[in-house]
Amino acid sequence: MCAAPITVNVPVEQLCIGLYVHIDLPWLEHSFALNSFKIKTEAELQALRQLGLKTLRVNPARSDCRPLAPAVVVAQEAPAAIAQPTPEELEKIREKKARIDRLIREREAIAACEKQLLKAAGTLKNITRNLFARPQESVRQADELIQQMLESLLVDKDIAIHLMNDKIVGEEAYFHSLNVTVLTMMLAKELAFSEQDIKLLGIGCLFHDIGKIEIPDRIANKAGELSRAEQNLLQQHVMYGLQIADKLALPKPVKDIIAQHHEYADGAGYPNYLRGDKISPLARIVAITNTYDNLCNRPDPADSMSPYEAMAHMFGHMRKQFDTAALNLFIRSMGIYPPGTIVKLSDGTLGMVVAVNSAKPLRPSVLIYDPSVPKSEAIILDLEHEISVEIIASLKPGQLAPEVYDYLSPRKRMTYFFDTQRQAVNPH
């Protein structure tokens, strides 16, 4: 557990470049991006002195120098009139207004994504429940759901993948299929697949694990390691899925996804140990997103990898098992720091990536840890616009102090949805 940083109160007249300061004002009441930062420019120094505070808290351990000595301070007579804001101060105010506007839009986008995710999960629940009693209705609902997602996906050039609240759906059985559907359709768009193929991929992803309804829950959702017999039974979900697909009269490309989503390019997959181009082009894409989500969302959350670890593991240890071009594009699209990754910024701030724009994978939106800001009002910085800071490291949730962990609330289960209002949220 990290001890609370030791700060000292320093008169504003003694501030200088190099000091790490804490502003004890609500975030909305000053022009800076963060409440805590290192002073880097004379303009920042002047803006701090204009806040109306007599002192500011300074963290000596994170400062490059000491405050100015009192003797150095030259007393100044009070101005005869109220000074007008300088161009630099006006620019700071404009920048802060833009930050506030972006924060509002980001929260609105997340709320819209959550609403759509809830609707999609409800639809998927109905599809599964009616699978045998009303099979044609289930297929029709699946087709409509994917068509709606496809139309939203194709609205805008760039795609933003949002991390969802892990309690937003409450139906864990549907998380995985929806995650794989969202990530696969996103990747297929980046690969310039046709609308028809993207739709087939979406339907295939919704049904890719449908055979698991024939597998006992104690095996399908077992938290511990499976025995050889249990592994063999679990792998039968592919065969069961194909049997269901036949009853639903699903098209062949969808059946190929159900049959081959566990096949790997090097022949290490199952059930038929297919290699390379023997695997359907659509199934090769699903193999990537399915593996990623399975690594991030294992039955026992304690065994799950962080999004950053999962991406690094796939690239470092499983590269030969996937279509190389598709894997590279998936990593680029999700960003080096996928949603859900705990990060450290160049100014020492800790945060969690909550959204990544495929066009700017190294500049995601980050929810910032700041104990002076209520958790419910946490600041979200869009690093595409905050060019003064960048991500310098990825951290495991276990490396966080308890209060930081509680504030950021790293997800036990990673759930994604794409921002279908991206054009309105971030116009081009």
- Task: Among Val21, Asp64, Asn59, Leu19, find the one that has a side chain to side chain contact (heavy atoms under 4.5 Å, CB included) with Lys38.
- Result: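 The residue from Val21, Asp64, Asn59, Leu19 that satisfies side chain to side chain contact (heavy atoms under 4.5 Å, CB included) with Lys38 turns out to be Asp64.
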Main-chain N/O of [Y] paired with [X] side-chain donor or acceptor, under 3.5 Å:
| X | Y | result |
| --- | --- | --- |
| Glu108 | Arg105 | no |
| Ser31 | Lys96 | no |
| Ser138 | Ile127 | yes |
| Ser63 | Tyr20 | yes |
| Asp293 | Thr289 | no |
| Thr324 | Lys320 | no |
| Lys212 | Gly241 | no |
| Arg62 | Phe37 | no |
| Trp27 | Ala33 | yes |
| Arg57 | Thr7 | no |

- Item | ring-ring contact (aromatic ring centres under 6.0 Å, His included) assessment of His262 paired with His237 | CA-CA 11 Å; His262 283 291; His237 81 273; 5.2 Å; yes
- Message: Please evaluate residues Leu400 and Leu350 with respect to the criterion side chain to side chain contact (heavy atoms under 4.5 Å, CB included), reporting the C-alpha separation (whole Å), side-chain torsions for both, the decisive distance (0.1 Å), and the verdict.
- Response: CA-CA 9 Å; Leu400 301 177; Leu350 299 177; 4.2 Å; yes
- Task: Look at the rings of Phe32 and His30 and say which category their plane angle falls in: under 30° parallel, 30 to 60° tilted, over 60° perpendicular.
- Result: tilted
Side-chain heavy-atom pair [X], [Y] within 4.5 angstrom cut-off:
| X | Y | result |
| --- | --- | --- |
| Leu124 | Leu206 | yes |
| Lys375 | Asp406 | yes |
| His22 | Leu56 | no |
| Val238 | Gln260 | no |
| Leu383 | Pro364 | yes |
| Ile17 | Thr41 | no |
| Val354 | Val366 | no |
| Leu34 | Asp370 | no |

Which atoms form the tightest heavy-atom contact between [X] and [Y], and what is the distance?
| X | Y | answer |
| --- | --- | --- |
| Leu15 | Leu68 | O-CD1, 3.7 Å |
| Pro397 | Ile342 | CG-CG1, 4.4 Å |
| Ala326 | Ile285 | CB-CD1, 3.7 Å |
| Glu190 | Ser333 | CG-OG, 3.4 Å |
| Phe207 | Leu250 | CD1-CD1, 4.0 Å |
| Ile244 | Gly211 | CD1-CA, 4.3 Å |

- Message: I'd like to know whether Ile213 forms a side chain to side chain contact (heavy atoms under 4.5 Å, CB included) with Leu131, so could you lay out the CA-CA distance, the side-chain angles of the two residues, the decisive distance to 0.1 Å, and finally the verdict.
- Response: CA-CA 10 Å; Ile213 63 176; Leu131 201 58; 3.9 Å; yes
- Is the distance between the ring centroids of Tyr292 and Phe330 less than 6.0 Å? yes
- Give the intermediate values and the outcome of side chain to side chain contact (heavy atoms under 4.5 Å, CB included) for residues Val373 and Asn35. CA-CA 9 Å; Val373 177; Asn35 281 4; 3.7 Å; yes
- Query: For the side chain to side chain donor-acceptor pair (under 3.5 Å) test, which of Asp209, Asn290, Thr184 pairs with His261?
  - Reply: Asp209
- Item | Other residues, nucleotides, ligands: >12 heavy atoms within 6.0 Å of Lys97 NZ |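 Atom NZ in Lys97 is not crowded, with 12 or fewer foreign heavy atoms closer than 6.0 Å.
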- Query: Above 12 or not: heavy atoms from other molecules or residues under 6.0 Å from CZ of Arg66?
  - Reply: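 At most 12 heavy atoms, drawn from other residues, nucleotides or ligands, come within 6.0 Å of this atom.
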When the side chains of residues 192-202 are checked against the rest of the protein, which donor-acceptor pairs come out under 3.5 Å, sequence neighbours left out?
unit_1 : atom_1 : unit_2 : atom_2 : d
Ser194 : OG     : Asp197 : N      : 3.1
Lys199 : NZ     : Asp143 : OD1    : 3.2
Lys199 : NZ     : Asp143 : OD2    : 3.3
Lys199 : NZ     : Gln147 : OE1    : 2.9

Counting only pairs under 3.5 Å, give me each side-chain donor-acceptor contact of residues 308-315, with atom names and distances, residues two or more places apart or in other chains.
unit_1 : atom_1 : unit_2 : atom_2 : d
Glu309 : OE1    : Ser306 : N      : 2.9
Glu309 : OE1    : Ser306 : OG     : 3.3
Glu309 : OE2    : Lys396 : NZ     : 3.4

Exercise: do [X] and [Y] side chains pair donor with acceptor under 3.5 Å:
| X | Y | result |
| --- | --- | --- |
| Asn297 | Ser304 | no |
| Asn126 | Arg129 | yes |
| Gln50 | Gln46 | no |
| Thr291 | Tyr264 | yes |

Atom pair [atom1] ([X]) and [atom2] ([Y]), whose distance is rounded to the nearest 0.5 Å:
| X | Y | atom1 | atom2 | answer |
| --- | --- | --- | --- | --- |
| Ile215 | Tyr240 | CD1 | OH | 5.5 Å |
| Met318 | Ile288 | CE | CD1 | 10.5 Å |
| Glu13 | Arg49 | CD | CZ | 7.5 Å |
| Leu103 | Leu367 | CG | CG | 9.5 Å |
| Leu226 | Gln231 | CG | CD | 5.5 Å |
| Ile203 | Thr181 | CD1 | OG1 | 10.0 Å |

- Could you walk me through whether Met186 and Met334 pass the side chain to side chain contact (heavy atoms under 4.5 Å, CB included) check? CA-CA 9 Å; Met186 177 273 297; Met334 289 294 284; 3.8 Å; yes
- With sequence neighbours left out, which residue pairs that include part of residues 335-352 fulfil the salt bridge (charged side-chain N to carboxylate O under 4.0 Å, His left out) condition?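 Salt bridge (charged side-chain N to carboxylate O under 4.0 Å, His left out) check on residues 335-352 returns no pairs.
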- Task: Using a strict 4.0 Å threshold on nitrogen-to-oxygen distance, state whether Glu44 and Lys40 make a salt bridge.
- Result: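 Salt bridge between Glu44 and Lys40, a charged N being under 4.0 Å from a carboxylate O: no.
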- Query: Given the rule in the salt bridge (charged side-chain N to carboxylate O under 4.0 Å, His left out) test, do Arg99 and Glu386 qualify, once you have shown the distances and angles that lead to the verdict?
  - Reply: CA-CA 9 Å; Arg99 287 188 187 103; Glu386 302 295 340; 2.6 Å; yes
